There are 2 protein chains.
Amino acid sequence: MAIKNQASGGVSRQVLADHVYEALLVALMDGRLEAGTPVSIDGMARELDVSPTPVREALARLEATGMVRRMALRGYRVAPLFSPEELADLMDARLVIEPANAFMACKHADTQLTAQLEQAIEDLKAAPRGPSFAEFRAYWEADERFHRLIAEFADNQFLLSAYNALGGQVQRFRFFGGLGVTDADYAIAEHTEILKAFEAGDAELARQKMIDHIEGVKQRSQHDSEVRS
Amino acid sequence: MAIKNQASGGVSRQVLADHVYEALLVALMDGRLEAGTPVSIDGMARELDVSPTPVREALARLEATGMVRRMALRGYRVAPLFSPEELADLMDARLVIEPANAFMACKHADTQLTAQLEQAIEDLKAAPRGPSFAEFRAYWEADERFHRLIAEFADNQFLLSAYNALGGQVQRFRFFGGLGVTDADYAIAEHTEILKAFEAGDAELARQKMIDHIEGVKQRSQHDSEVRS
DNA sequence: GAAGCATAGATCCTATAGGAAATGCGATCT
DNA sequence: AGATCGCATTTCCTATAGGATCTATGCTTC
């Protein structure tokens with residue numbers, strides 16, 4: 001067995017498919033699985049030293065995230081990288097959902113939320129900004145956590161599902177795989193503005209600051225993609 | 001083999017998991033699988049006369065739609081029915097996404113879209129309105145098609161994913177399983193208003209008419225749930 | 001040298017077998 | 001009577017085997 005259980009006292013029985021899912025996710029974000037390449041079920045099973053059955057289940061779940069695409073009888077492939085146009089579409093979609101999340105979350109805000117948001121910002125400041133995934137993973141995690149907290153505190157399971165469906169919260173970073181973190185200072189400042197609106201309890205302002213933030217991300221990502229090309 | 005291929009000339013090889021997925025979907029919407037009941041993998045495999053493997057894969061995909069919930073090592077259960085509060089949340093989420101879809105779709109509208117929307121409305125008028133699933137399936141299909149057309153013509157894959165993630169387009173009807181169609185006349189009128197806005201090319205009006213429609217659905221569903229209780 | 005075919009391998013898909021844990025039920029003990 | 005223990009069944013989970021299809025490589029033939 002290649003993947004061991006955590007040795008924390010009671011052996012918490014784990015489902016192998018979950019480990020496979022995690023392993024695939026890391027491999028995808030790390031860039032070991034490049035966009036467009038096929039993901040063989042049997043091959044991945046051999047590589048992870050498990051049987052094809054849990055691999056199949058993990059891939060079925062991954063498909064819903066958009067990270068991989070499935071063609072019946074043809075297997076799975078890693079989803080292609082975002083084009084600049086698709087990236088703009090993703091930001092447009094975020095502009096639809098996340099400002100609404102911010103508005104609603106602000107109505108339910110309490111000191112617990114603002115404390116957690118502040119912590120996420122602090123972690124963002126402290127995170128390394130290197131180009132490799134191992135380095136900017138902490139950055140990504142803190143950024144994702146900030147937005148997810150807001151989505152969760154909107155207290156609407158369907159909006160949360162919609163937020164999750166964007167999936168780009170993970171995948172968009174694959175676009176910048178070779179660039180690393182380039183806009184940390186802007187993001188930190190914009191996150192802080194959002195936090196201020198939450199602390200003031202001004203839902204309309206929170207909505208607007210979220211719009212400003214995502215517009216900023218959109219413009220900066222467009223600029224980066226131009227530089228890159 | 002319990003499920004046969006379609007006999008259309010070339011024997012299009014089909015994946016069994018897709019058939020299982022469809023069968024489960026119909027069973028869920030039909031009410032044969034009641035909310036909260038466990039869905040045994042082995043049991044379902046016996047019932048459909050297939051092996052557990054494709055059932056497992058179909059359930060993994062279904063989980064992403066919210067129709068079933070999974071607990072590791074405990075199996076799958078049919079998701080609970082919506083409470084009135086959750087139904088209101090679903091409508092609030094639709095109010096975030098679908099007006100934006102309408103606005104964007106209107107910018108890409110052409111005669112093909114308006115023709116298809118008109119067809120969907122005509123089908124809505126012609127659909128039977130009985131209480132059983134077999135009867136109102138046509139109604140549901142036409143209603144769903146109207147909204148999906150708009151989501152697709154918004155021409156943003158991420159917004160489409162978000163729309164799909166709501167999943168309520170299917171599941172919400174399970175709430176009314178015992179009621180059948182009660183607001184067809186309102187829905188037809190409101191759909192027609194949206195279509196008019198599309199024909200006029202007025203994106204802002206289309207957004208507003210979509211808001212009006214979903215607000216109407218929300219209020220009527222609230223009323224129905226009160227009558228029912 | 002180039003085209004066509006055959007065979008071998010890889011891959012997807014499904015079925016089957018078996019281990020591990022949970023659930024249900026009846027018998028036994030206090 | 002009520003609680004507890006033990007056994008059988010069910011269920012989930014993983015591994016393995018085999019059929020069908022696609023791909024690729026090498027050989028044969030023109």
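All values reported here derive from a predicted model rather than from experimental measurement. A note on names: the letters A, B, ... follow the listed sequences, proteins ahead of strands, and every chain is numbered from 1.
- As a whole-Å value, the separation of D42(B) CG from dG18(C) C1' is 12 Å.
- Judged by closest nucleotide on DNA chain C, Y76(A) is the one of T53(A) and Y76(A) placed further toward the 5' end.
- Residue S51(A) has no polar side-chain atom (N or O) positioned under 4.0 Å from OP1 or OP2 of dT14(D).
- With hydrogens and angles ignored, the 3.5 Å screen pairs a side-chain donor or acceptor of N156(A) with a backbone N or O of D89(B).
- Under 4.0 angstrom from either OP1 or OP2 of dC12(C) there lies no side-chain N or O belonging to R56(A).
- Rounded to whole Å, the distance from CE on M71(B) to P on dC13(D) is 11 Å.
- Of the charged side-chain nitrogens involved, at least one lies within less than 4.0 Å of a carboxylate oxygen, so that R70(B) and D18(A) count as a salt-bridged pair.
- Spacing between atom CG of L73(B) and atom C1' of dT23(C) amounts to 15 Å, rounded to whole angstrom units.
- The phosphate of dT11(D) has OP1 or OP2 within less than 4.0 Å of a side-chain N or O from R46(B).
- L16(A) places its CG atom 20 Å from the P atom of dG18(C), with the value rounded to the nearest Å.
- The side chain of I41(A) approaches dC12(C) more closely than any other nucleotide in the set dC13(D), dC12(C), dA15(C).
- Counting only heavy atoms from C-beta on, R74(A) has its side chain closest to dT23(D) among dC13(C), dT23(D), dT14(D).
- For the pair E57(B) CD and dT14(D) P, the computed distance is 15 Å after rounding to whole Å.
- Among the heavy atoms of the strands lying under 4.0 Å from P52(A) is at least one base atom, whether or not backbone atoms are also near.
- Put simply, the side chain of E34(B) does not reach to within 4.5 Å of the side chain of L81(B), judged on heavy atoms.
- Among the atoms of the strands shown, only primed sugar atoms or phosphate atoms (P, OP1, OP2) are found under 4.0 Å from some heavy atom of V39(B).
- Taking the centre of each ring, F158(B) and F82(A) come in below the 6.0 Å mark.
- The CZ atom of R70(B) sits 14 Å away from the C1' atom of dT11(D) (whole-angstrom rounding).
- Scanning both residues, A35(A) and V78(A), for their nearest heavy atoms gives CA-CG1, 3.7 Å.
- At a threshold of 4.0 angstrom between heavy atoms, the contacts of S40(B) are confined to the sugar-phosphate backbone, with no base atom among them.
- One atom, CZ of R77(A), and another, C1' of dC12(C), lie 14 Å apart when rounded to the nearest Å.
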